[in-house]
A.B. asks: 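Handing you this structure, nothing more for now.
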Amino acid sequence: MNILSAVIVFENLHEVKRLFHWGPIIALTVIGMCSTMAILDSIIWYWPLDTTGGSINFIMLINWTVLILYNYFNAMFVGPGYIPLGWKPENQQEIMYLQFCKLCQGYKAPRSHHCRKCNRCVMKMDHHCPWINNCCGQLNHAYFTSFLLLAPLGCLHAALIFIMTTYTQLYDRISFGWSSVKIDMSAARHIHHPIMPFSIAAFAATLFALGLALGTTIAVGMLFFIQMKVILRNKTSIEAWIEEKAKDRIQYYQTGEDFIFPYDLGSRWENFKQVFTWSGTPMGDGIEWPVHEKCNQYTLTIEQLKQKHDKRQRSVEYRVVEDYNGACCPLGKGLNTFFRTPCTEEPRIKLIKGETIFATRGTKWWMYGDKVLNEDQVKAGDRIRGWFPRRCVEKCLYDSANNLTSEEKKEQ
């Protein structure tokens, strides 16, 4: 029993550590600053004990803060849900439709993906969010999306308070001349004597909080609409990308296939209910899913296997001609490489002159690929992949891995 208690305490401490990351620190700081300034400005502008409107305004403000923090911490600590280590389907014949995860020593269930940050296979993984320092997946998707809705609404309310406080406090302090405007912050108000003084510092803090609130409303509001777009189609961000690649693969090889996304139930309301429920617990066990009548449980995983094979076919061999230390924004690789670094948390890989890399995608200045490893690293299950500057490599004229040129690969 003592051992079990110790394990539970250790797991709880591990979850608390999620707070000590730049994402949650910045997010909670913004929430704290906007909420605190809104409460203080509410006292100055619309004292809650004087009128019913002031009381409603104050209660709504507190309510936004509580709901935002409730959904934020649930998204962080409830987590996305993980596929059990060593998982495999009950029917052994179904293994052929699944990818094997070497790190989790098990098969990836439908809709699951391995997260390098969490180091686990995540149920219905949407993405790894640095702001909650956790993945967004099956169990916390509703909490995360609710947070994305509530944060802009709360910030809009706070922005209204900031604007009205500034207007009412400066109204009697501004005087207009023929060629100038003067603001006297020491001038007394004729109508209302606020409980707290509206000083220069309070004015500056209010303007700063207003900028934070409006910026958060725009940025988080855009994320909310992106999330709702995929939720109403019963997709995740990753699955939307897989669907796009499926169309690209079919068009590239002219296979004539008709790819149907298997998890779209045909009704936006039915898709919506897969994520949002009155109980707060999403539908499904994270392993098996309701699918389109023309599909089966492994329609998407089979497509992923096809894309993985296609990725190997399309990969191009490069030889490293210039060392690279793995820096996110390398100063010594040119201004374009420095300023156009990929905006992603995907890793950069260190390069040593003479190494070989198979590149699978890239931009004008950066490339993404897998480094060719030695036998010991391969046996250990190691895999080194990530971004690197394009100028550090040159294309091999002959593909030594498959004894095929790149043109011959395409013709296959």
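Predicted, not measured: the structure shown is a model, and the values here were computed from it.
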A.B. asks: Within a strict 4.5 Å, meaning less than it, do heavy atoms of the His128 and Cys135 side chains meet?
C.D. replies: yes
A.B. asks: Checking side chain to side chain contact (heavy atoms under 4.5 Å, CB included) for the pair Val291/Gln297: CA distance, chi angles, key distance, verdict?
C.D. replies: CA-CA 7 Å; Val291 296; Gln297 288 292 321; 4.0 Å; yes
A.B. asks: Applying side-chain hydrogen bond (donor to acceptor under 3.5 Å, both in side chains), name anything that partners Glu288, two or more places apart in sequence or on another chain.
C.D. replies: none
A.B. asks: Would you kindly check if the NZ (Lys) or CZ (Arg) of Lys235 is within the cone defined by 45 degrees around the ring axis of Phe261 and under 6.0 Å from the six-membered ring centre?
C.D. replies: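 Relative to the ring axis of Phe261, which defines the angle, Lys235 lies inside both limits.
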A.B. asks: Under 4.5 Å between any side-chain heavy atoms of Asp126 and Phe144, yes or no?
C.D. replies: no
A.B. asks: When rounded to the nearest 0.5 angstrom, what is the spacing between CG in Asp264 and CZ in Arg233?
C.D. replies: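 Interatomic distance, Asp264 CG to Arg233 CZ, rounded to 0.5 Å: 8.0 Å.
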A.B. asks: Taking C-beta and beyond as the side chain, do Val275 and Pro282 meet within less than 4.5 Å on heavy atoms?
C.D. replies: no
A.B. asks: Please report the closest heavy-atom contact between Lys102 and Gln105, naming both atoms and the distance.
C.D. replies: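 In terms of heavy atoms, the two residues are closest at O-NE2, 2.6 Å.
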A.B. asks: Donor-acceptor pair, distance only, cut-off 3.5 Å: does the side chain of Gln169 make one with the backbone of Thr166?
C.D. replies: no
A.B. asks: Only one of His309, Glu257, Gln307 clears side-chain hydrogen bond (donor to acceptor under 3.5 Å, both in side chains) with Arg249; which?
C.D. replies: Glu257
A.B. asks: With a 3.5 Å distance limit and no angle check, can you tell me whether Thr341 reaches the backbone of Cys329 through a side-chain donor-acceptor pair?
C.D. replies: no
A.B. asks: Would you mind reporting whether Pro347 and Arg116 have side-chain heavy atoms less than 4.5 Å apart?
C.D. replies: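 Touching, per the 4.5 Å side-chain cut-off.
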A.B. asks: Would you indicate whether the side-chain heavy atoms of Met125 and Cys115 approach each other to under 4.5 Å?
C.D. replies: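 Sidechains of Met125 and Cys115: in contact.
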A.B. asks: Whether the side chain of Asp370 engages the backbone of Arg385 through a donor-acceptor N/O pair (distance < 3.5 Å, no angle test) should be reported.
C.D. replies: no
A.B. asks: Can you tell me if Gln92 has over 12 outside heavy atoms packed within less than 6.0 Å of its CD?
C.D. replies: yes
A.B. asks: Where do Leu61 and Ile39 come nearest, in terms of heavy atoms and distance?
C.D. replies: CD2-N, 3.6 Å
A.B. asks: Taking the cut-offs as 6.0 angstrom to the six-membered ring centre and 45 degrees off its axis, would you call Arg314 and Tyr252 a cation-pi pair?
C.D. replies: yes
A.B. asks: Under 3.5 Å, is there a donor-acceptor pair between the side chain of Thr356 and the main chain of Val372?
C.D. replies: no
A.B. asks: Decide yes or no for Trp387 and Thr344: does some side-chain heavy atom of the first lie under 4.5 Å from some side-chain heavy atom of the second?
C.D. replies: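 Touching, per the 4.5 Å side-chain cut-off.
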A.B. asks: Counting distance only, does the side-chain N/O of Asn71 pair as donor-acceptor with the main-chain N or O of Leu67 below 3.5 Å?
C.D. replies: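 Judged by distance alone, yes, a pair lies under 3.5 Å.
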A.B. asks: Is it true that a side-chain atom of Arg120 and a backbone atom of Ile83 form a donor plus acceptor pair closer than 3.5 Å?
C.D. replies: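 Flag set: sc Arg120 to bb Ile83 pair under 3.5 Å.
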A.B. asks: Contact between Val320 and Ile352 at the side-chain level, heavy atoms closer than 4.5 Å - yes or no?
C.D. replies: no
A.B. asks: Would you check if the side chain of Thr337 reaches a backbone N or O of Lys333 as a donor-acceptor pair within less than 3.5 Å?
C.D. replies: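 Side chain of Thr337 to backbone of Lys333: a pair is present.
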A.B. asks: Would you find a donor on one side and an acceptor on the other, under 3.5 Å apart, between the side chain of Asn74 and the backbone of Asn140?
C.D. replies: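 No, because the side chain of Asn74 does not come within donor-acceptor range (under 3.5 Å) of the backbone of Asn140.
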A.B. asks: Can you tell if the side chain of Phe208 reaches within under 4.5 Å of the side chain of Phe203, non-hydrogen atoms only?
C.D. replies: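 Contact flag for Phe208/Phe203 side chains = no.
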A.B. asks: Could you give the distance from CD (Gln99) to OH (Tyr107), rounded to the nearest 0.5 Å?
C.D. replies: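 Here the interatomic distance stands at 11.5 Å.
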A.B. asks: State the CE-CD1 distance between Met123 and Ile287, to the nearest 0.5 angstrom.
C.D. replies: 4.5 Å
A.B. asks: Is atom CZ of Phe77 surrounded by more than 12 heavy atoms (other residues, nucleotides or ligands) closer than 6.0 Å?
C.D. replies: yes
A.B. asks: Sequence neighbours excluded, which residues qualify as salt bridge (charged side-chain N to carboxylate O under 4.0 Å, His left out) partners of Arg268?
C.D. replies: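 Once residues adjacent in sequence are excluded, Arg268 has no partner under the salt bridge (charged side-chain N to carboxylate O under 4.0 Å, His left out) criterion.
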A.B. asks: For a quick test of reading the model, state the closest non-hydrogen atom pair linking Pro110 to Tyr263 and the distance between them.
C.D. replies: CB-OH, 3.7 Å
A.B. asks: Specify the closest pair of heavy atoms between Thr51 and Gly54, including all atoms of both residues, with the distance to one decimal.
C.D. replies: OG1-N, 3.0 Å
